[in-house]
Amino acid sequence: MSEQNDNQQKLDFVRQIVADDCQSGKWDGRVVTRFPPEPNGYLHIGHAKSICLNFGIASEFGGKCHLRFDDTNPEKEEQEYVDSIIEDVKWLGWDWGQNLFFGSDYFQQMYDWAVELIKKGKAYVCDLTGEEIRQTRGTPTQPGKDSPYRNRSVDENLDLFEKMRKGEFPDGSKTLRAKIDMASPNFNLRDPVMYRIVHASHHRTADNWCIYPMYDWAHGLEDSIEKITHSICTLEFENHRPLYDWFLDQLGIYHPQQIEFARLNLTYTVMSKRKLLKLVQEKLVAGWDDPRMPTIGGMRRRGFSPSAIRNFCDKISVNKFNSTIDFALLQHCLREDLNKTSPRVMAVLNPVKVVIENYPEDKVEYLDAINNPEDPTAGSRQIPFSREIYIERDDFMEDAPKKFFRLTPGREVRLRYAYFIICTSVIKDPAGNITEIHCTYDPATKGGDAPDGRKVKSTLHWVCAKNAIDAEARMYEHLFTKENPDDVEEGKDFTAYLNPNSLNVLSNCKVEPYLKDVKSLSRWQFERLGYFCVDTDSKDGKLIFNRTATLRDEWAKIQQNSK
RNA sequence: UACCCGGUGGUGUAAUUGGUAACACAGAGGUUUUUGGUACCUCCAUUCAUGGUUCGAGUCCAUGCCGGGUAGCCA
């Protein structure tokens with residue numbers, strides 16, 4: 001058993017079940033879980049919760065976790081999704097070893113078991129149309145009606161089922177149904193469909209099959225074949241568990257335990273595949289990996305690290321009731337990791353030129369800058385300094401309120417790793433916009449400390465004008481303005497709450513020359529601004545950064561509160 | 001109005017399984033600081049309601065209230 005359990009750390013209810021089973025020897029000490037995505041879309045942060053749960057349990061209890069594609073619906077599934085899912089799970093840092101499986105590999109076995117159920121008189125071929133099945137299913141308060149085909153003979157069922165498989169019937173003309181109880185209070189037991197006829201080519205089995213198993217029939221069999229011990233799924237399958245159990249019991253085959261947990265909800269985001277697809281299709285975002293999307297691909301491109309996501313999944317734990325996690329918790333996990341791992345660098349997003357009047361015209365000197373104060377092994381680098389530099393426009397105010405500590409006429413501030421400067425004058429264009437700020441510097445403060453011990457209230461980041469590299473920064477905010485975009489008013493849909501400011505492109509940024517050869521997707525902290533990640537669109541000569549997250553910002557809070 | 005599941009601070013999870021509500025996030029205030037970052041400190045709930053069992057209930061029982069899920073030939 002794992003260290004975590006030896007230490008008697010709090011176990012969530014799923015892990016508690018697994019721990020109890022290990023203790024009682026229910027599965028002979030085996031722990032086998034699985035992550036079973038349908039390859040019909042991209043993975044998102046909600047899937048990450050499930051992935052971390054299943055792979056996490058396997059690794060903590062010395063078991064295995066299978067990656068299994070539940071590919072039983074050829075009309076929706078594609079190889080492209082299989083590839084992206086594999087990439088995403090790997091990126092998150094999980095390893096399934098040899099245990100990569102596909103539900104479609106079990107089609108023959110499933111078929112044979114269906115035949116067995118027919119022989120036992122537990123399944124029948126039904127000629128009702130979809131509409132008729134719906135009409136005879138009954139309502140919550142009324143039982144359904146038996147299908148007129150319910151009592152066909154075993155031989156007839158066997159014959160018809162074989163013909164279904166051979167392609168002798170058109171799509172939708174017949175189904176194979178389990179013969180259970182049309183009066184069951186649980187709809188799932190009102191003679192559920194096991195097979196439907198679909199003449200569609202499957203991404204793996206091509207045209208070998210024209211009948212495809214339904215989820216309820218297929219899923220338990222897949223679990224059984226793979227000798228899964230704990231089949232963990234989301235809450236909406238709770239009502240399906242009796243059916244999961246029924247199929248396995250009728251067949252008398254290996255029977256895993258299904259356990260349901262609540263799916264993840266996050267403030268300011270939508271999680272359903274349908275809604276995410278709509279955002280992509282209607283071009284409300286740039287694609288599945290748009291950095292504003294909660295998809296794993298989007299988050300990767302935004303600059304999230306796998307460990308930030310995994311820590312987040314640990315912290316939220318799992319439970320059986322619906323809850324909505326504050327986006328701020330995700331952000332906290334992100335910053336916690338990025339703070340420790342991201343090299344610091346200086347970049348000016350919204351530049352204004354500063355001329356240091358008493359600094360020699362042609363001089364360039366190199367100053368020592370620490371790469372990461374949280375990580376001594378990250379070392380330091382040399383940054384160029386000269387008479388003209390850029391600072392952030394927001395770091396200067398002509399008429400500053402008392403709580404503004406930054407540059408303002410007559411006040412001394414520090415340029416990080418460089419010198420103290422004092423603003424002496426401001427140059428404006430005819431329209432009144434500031435074009436240059438003139439300052440003087442104190443040569444004795446080189447490196448950022450005054451030998452006489454005098455202090456300054458603030459430190460500014462800057463970039464040497466002569467050596468600066470141009471860059472673009474894509475500034476992101478929440479995709480939605482509303483905490484719960486799913487909570488819609490009459491006549492609106494969730495897209496009504498899209499944040500018009502969710503993307504703001506700054507194309508005139510200046511970054512220090514150290515960033516010349518950055519690698520795609522590398523993560524940096526721009527001092528005093530936030531964490532940034534090199535976008536996949538970034539090229540030599542055209543640097544593009546995505547703002548992953550801002551730093552916590554006291555000054556922004558003060559401004560906000562004074563409004 | 002059928003069946004299933006669930007209710008602990010603003011949010012998310014804990015509570016030695018009946019022993020006197022803990023941790024984290026958010027928020028507020030403060031200390032430190034060459035990032036208004038980081039780190040650190042302080043403050044912020046008597047557990048949906050009402051009854052009951054008990055020396056003792058967030059934990060057990062009853063009733064009620066509230067929330068979620070379920071009527072695809074989707075998963």
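In the text below, chain A, chain B and the rest are named by the order of the sequence lines, each starting its count at 1. Note that these values count all heavy atoms, side chains included, but never hydrogens, waters or copies made by symmetry.
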- [ ] Determine, using ring centers only, whether A:Y215 and A:H219 are less than 6.0 Å apart.
- [x] yes
Task: Contact under 4.0 Å: A:H461 side-chain N or O vs B:rU35 OP1/OP2 - done: no
Open item on the list: Measure CD1/A:I17 against P/B:rU17 and give the value in whole Å, please.
Closed with: 19 Å
Open item on the list: Using 30° and 60° as the class boundaries, would you call the ring planes of A:F480 and A:F494 parallel, tilted or perpendicular?
Closed with: tilted
Open item on the list: Is the phosphate of B:rA75 approached by A:T72 (side-chain N or O, under 4.0 Å from OP1 or OP2)?
Closed with: yes
Open item on the list: Taking B:rA45 as the reference, what is the distance to B:rU13 when you measure between their C1' atoms (whole Å, please)?
Closed with: 15 Å
- [ ] Could you tell me whether the phosphate oxygens of B:rG72, OP1 or OP2, come under 4.0 Å of any side-chain nitrogen or oxygen in A:R134?
- [x] yes
- [ ] Could you please name the option among B:rC25, B:rU38, B:rA71 that lies closest to any side-chain atom of A:H332?
- [x] B:rC25
- [ ] Give a yes/no answer on whether the side chain of A:N319 brings an N or O atom under 4.0 Å of OP1 or OP2 in B:rA14.
- [x] yes
TODO: Give A:L235 one of three labels, base, sugar-phosphate or nothing, depending on what nucleic acid heavy atoms sit under 4.0 Å from its own.
DONE: nothing
- [ ] Give a yes or no on whether A:Q560 atom CD has more than 12 heavy-atom contacts from other residues, nucleotides or ligands under 6.0 Å away.
- [x] no
TODO: Give a yes/no on whether any side-chain N or O of A:S323 is located under 4.0 angstrom from OP1 or OP2 of B:rU13.
DONE: yes
Open item on the list: From C-beta outward on A:S317, which listed nucleotide comes closest to its side chain: B:rA14, B:rC25, B:rA71?
Closed with: B:rA14
Task: Verdict with reasoning, A:D337 to A:R523, per salt bridge (charged side-chain N to carboxylate O under 4.0 Å, His left out) - done: CA-CA 11 Å; A:D337 184 56; A:R523 296 183 276 261; 5.8 Å; no
Task: A:F321 aromatic ring stacked with six-membered ring of B:rG7, 5.5 Å and 30° - done: no
TODO: Mind checking A:R414 for me? I need base, sugar-phosphate or nothing, with any heavy atom below 4.0 Å counting as a touch.
DONE: base
Task: Rounded C1' spacing from B:rU70 to B:rA57 in Å - done: 34 Å
Open item on the list: Centroid separation under 6.0 Å, is that true for the rings of A:Y366 and A:F385?
Closed with: no
Open item on the list: Any base atoms under 4.0 Å from A:Q525, or only sugar-phosphate, or nothing? Heavy atoms, all strands.
Closed with: base
Task: Where the chi angle of B:rG72 falls, syn if within 90° of 0 and anti if not - done: syn
Task: Whole-Å P distance, B:rG30 and B:rA22 - done: 26 Å
Task: Distance in angstrom units between A:M271 CE and B:rG68 C1', rounded - done: 17 Å
- [ ] May I ask you to say what A:E38 touches in the nucleic acid, namely base, sugar-phosphate or nothing, with a heavy-atom cut-off under 4.0 Å?
- [x] sugar-phosphate
Open item on the list: Please check this pair: side chain of A:E512 against backbone of A:M346, looking for a donor-acceptor N/O pair closer than 3.5 Å.
Closed with: yes
Open item on the list: Once you measure the plane-to-plane angle for A:Y42 and A:W288, does it fall in the parallel (<30°), tilted (30-60°) or perpendicular (>60°) bin?
Closed with: tilted
TODO: Go through B:rA71, B:rG12, B:rC25 for me and flag the one nearest to the A:I325 side chain.
DONE: B:rG12
Open item on the list: By the rule that syn is within 90° of 0, classify the base conformation of B:rU17 as syn or anti.
Closed with: syn
Open item on the list: For the NZ atom on A:K320, are there more than 12 heavy atoms of other groups (residues, nucleotides or ligands in this structure) within a distance under 6.0 Å?
Closed with: yes
Open item on the list: Over all strands shown, is A:Y195 touching base, sugar-phosphate only, or nothing at heavy-atom distances under 4.0 angstrom?
Closed with: nothing
Task: B:rU38 OP1/OP2 closer than 4.0 Å to side-chain N/O of A:R335 - done: no
Task: Closest listed nucleotide, where the reference is the side chain of A:T459 and the choices are B:rC5, B:rA71, B:rU35 - done: B:rU35
Open item on the list: Using whole Å, what does the distance between atom P of nucleotide B:rA71 and atom CD of A:Q135 come to?
Closed with: 16 Å
- [ ] Using atom CZ of A:R416 as one end and atom C1' of B:rG36 as the other, report the distance to the nearest whole Å.
- [x] 13 Å
TODO: Have a look at A:E527 and say if it touches a base, only the backbone sugar-phosphate, or nothing, with a 4.0 Å heavy-atom cut-off.
DONE: base
TODO: Examine B:rC23: is either OP1 or OP2 under 4.0 Å from a nitrogen or oxygen in the side chain of A:K315? Give yes or no.
DONE: no
TODO: Find the partner of B:rC23: check Watson-Crick (N1-N3 plus N6-O4 or O6-N4) and G-U wobble (N1-O2, O6-N3) distances, both under 3.5 Å, and reply none if neither fits.
DONE: B:rG12
Open item on the list: Under 4.0 Å, heavy atoms only, any strand: does A:I133 hit a base, just the sugar-phosphate, or nothing?
Closed with: base
Task: Phosphate OP1/OP2 of B:rC5: any A:N322 side-chain N/O under 4.0 Å - done: no
Open item on the list: Suppose we define a pair by two distances each less than 3.5 Å, Watson-Crick or G-U wobble; what does B:rC3 pair with here?
Closed with: B:rG69
Task: B:rG68 OP1/OP2 closer than 4.0 Å to side-chain N/O of A:R263 - done: no
Open item on the list: For a quick check of understanding: with a heavy-atom distance under 4.0 Å over all strands, which category does A:R190 fall into, base, sugar-phosphate or nothing?
Closed with: nothing
Open item on the list: Could you tell me the Watson-Crick or G-U partner of B:rC60, where both distances fall under 3.5 Å? Say none if there is no partner.
Closed with: B:rG52
- [ ] Using atom OH of A:Y149 as one end and atom C1' of B:rC73 as the other, report the distance to the nearest whole Å.
- [x] 15 Å
- [ ] Could you work out which one of B:rU35, B:rC73, B:rA2 sits closest to the side chain of A:R196?
- [x] B:rC73
